[in-house]
Amino acid sequence: MSYKVRKLENDEQGTHYGIFINELLIHYVFNRTRAIEIVEELENGKILIDVITVDIIREEQRKCQKLLDIEKAKAGELAVKLFQVNRQLSQLKLSEESKKLESIVLKPAITIMPKGTKDKTLLFMSVHHMNKTEASELVALIQEVKSKGFKYSKELSSYIMKNQLKRKYPHISGVVKMEKSGEQWDFSGGFPKKIYGIVCKELGLSDQGTTAKAVGFTSFKEMGGLF
């Protein structure tokens, strides 16, 4: 049989590469290198279903991981809401106790509330399982750039690199390894997935609809003198 690899149309998922027997399309993938590998295995006498089984398993694993990430995000949002409700209840109880004390001593009670920055740091630590250093850097970064009016995450990354903030926030920022259609490259000034999601939510940022995926991350702290 004569097998061929041809480039098909592009869509939001990327570029398709079709595997043909003569003019009959029998399979397609999103990576030309993988398409050529499949053809080579078919030409060596293997059956198509045996060759692509590993691809099917990987795709199912990817789907399961995506669903798991979604559920984790939902759990995180519920944890934030629970934290806020508990804080409101604590404030309400403190207010009621202050009123009781005021009625006894006949003068206004002085209530000392926790500072916003400290409160936010504790929130990130408890809800998102960060250590104190990561949470403190994240709170400081959000406060620093909140007034900048950034719309896209790449603007924040550019700001970090341009202003040497990688030395100020080395534990949460670094180099992200990106991948699209089988090609990989390094993107400086990015964040690990968990922190990227929090930053975008806190600052109202979007990724401009790119289909590229983050497949790795190295913090500037881990890179040491290399950055």
Side-chain angles (χ1 to χ4, degrees), residues 1-73 151-162 166 170-200 205-227:
M1 295 184 183
S2 178
Y3 297 97
K4 295 181 180 178
V5 175
R6 295 179 184 172
K7 182 178 180 181
L8 303 177
E9 75 282 353
N10 297 336
D11 60 20
E12 67 277 0
Q13 291 182 314
T15 303
H16 299 75
Y17 293 93
I19 300 173
F20 293 81
I21 297 180
N22 297 325
E23 299 301 321
L24 177 64
L25 175 65
I26 61 171
H27 187 57
Y28 70 86
V29 294
F30 297 98
N31 185 291
R32 179 177 177 80
T33 301
R34 180 54 183 156
I36 293 174
E37 290 175 352
I38 292 174
V39 167
E40 290 176 349
E41 293 189 62
L42 294 175
E43 290 176 340
N44 288 330
K46 291 189 177 181
I47 300 174
L48 179 62
I49 187 62
D50 293 336
V51 176
I52 66 175
T53 295
V54 64
D55 297 329
I56 295 173
I57 293 174
R58 286 172 180 169
E59 179 61 19
E60 290 303 314
Q61 289 176 333
R62 186 191 67 79
K63 291 179 180 179
C64 289
Q65 184 60 51
K66 185 176 181 180
L67 290 174
L68 180 60
D69 291 341
I70 292 174
E71 292 304 317
K72 285 182 178 179
K151 294 182 179 180
Y152 305 112
S153 56
K154 70 176 185 180
E155 293 179 286
L156 175 57
S157 296
S158 177
Y159 179 82
I160 288 175
M161 299 305 296
K162 182 178 179 180
K166 56 188 178 181
H171 295 85
I172 62 170
S173 63
V175 177
V176 181
K177 184 170 290 296
M178 305 297 294
E179 181 178 47
K180 180 178 180 182
S181 301
E183 297 182 5
Q184 294 187 350
W185 66 94
D186 290 336
F187 179 78
S188 298
F191 308 92
K193 290 182 179 180
K194 177 176 70 175
I195 292 179
Y196 177 78
I198 299 171
V199 168
C200 288
L205 305 178
S206 72
D207 59 5
Q208 292 183 290
T210 179
T211 57
K213 304 296 182 182
V215 296
F217 173 79
T218 304
S219 71
F220 288 126
K221 179 65 176 179
E222 293 174 303
M223 295 172 67
L226 296 179
F227 70 88

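Along the sequence shown, residues are numbered consecutively beginning with 1. In this text, all values refer to a predicted model and were calculated from it rather than measured experimentally.
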Minimum heavy-atom distance Gly190-Phe217, with the two atoms named: O-CE1, 3.7 Å
Partner of Trp185 by side-chain contact (heavy atoms from CB on, under 4.5 Å), out of Glu179, Lys177, Lys180: Lys180
Of Thr33, Ile19, Ile26, the residue whose pairing with Ile38 passes side-chain contact (heavy atoms from CB on, under 4.5 Å): Ile19
Closest non-hydrogen atom pair between Met223 and Thr218, with its separation: CG-CG2, 3.6 Å
Minimal non-hydrogen separation, Ser157 against Phe187, with atom names: OG-CE2, 3.4 Å
Pairing of Glu59 and Arg62 as salt bridge, 4.0 angstrom limit: yes
Any side-chain heavy-atom pair of Val175 and Phe220 under 4.5 Å: yes
Salt-bridge contact Glu41-Arg34 (side-chain N to carboxylate O under 4.0 Å): yes
Donor-acceptor pair, side chain of Ser158 and main chain of Lys154, under 3.5 angstrom: no
Set of residues satisfying side chain to side chain contact (heavy atoms under 4.5 Å, CB included) with respect to Glu40, sequence neighbours excluded: Ile36
Nearest non-hydrogen partners of Leu42 and Val51, listed with the distance: CD2-CG2, 4.3 Å
Thr210: partners by side chain to side chain contact (heavy atoms under 4.5 Å, CB included), with sequence neighbours left out: Asp207, Ala212
Salt-bridge present (Arg6, Glu23; N to O < 4.0 Å): yes
Non-hydrogen atoms of Val29 and Ala35 that approach each other most closely: CG2-CB, 3.6 Å
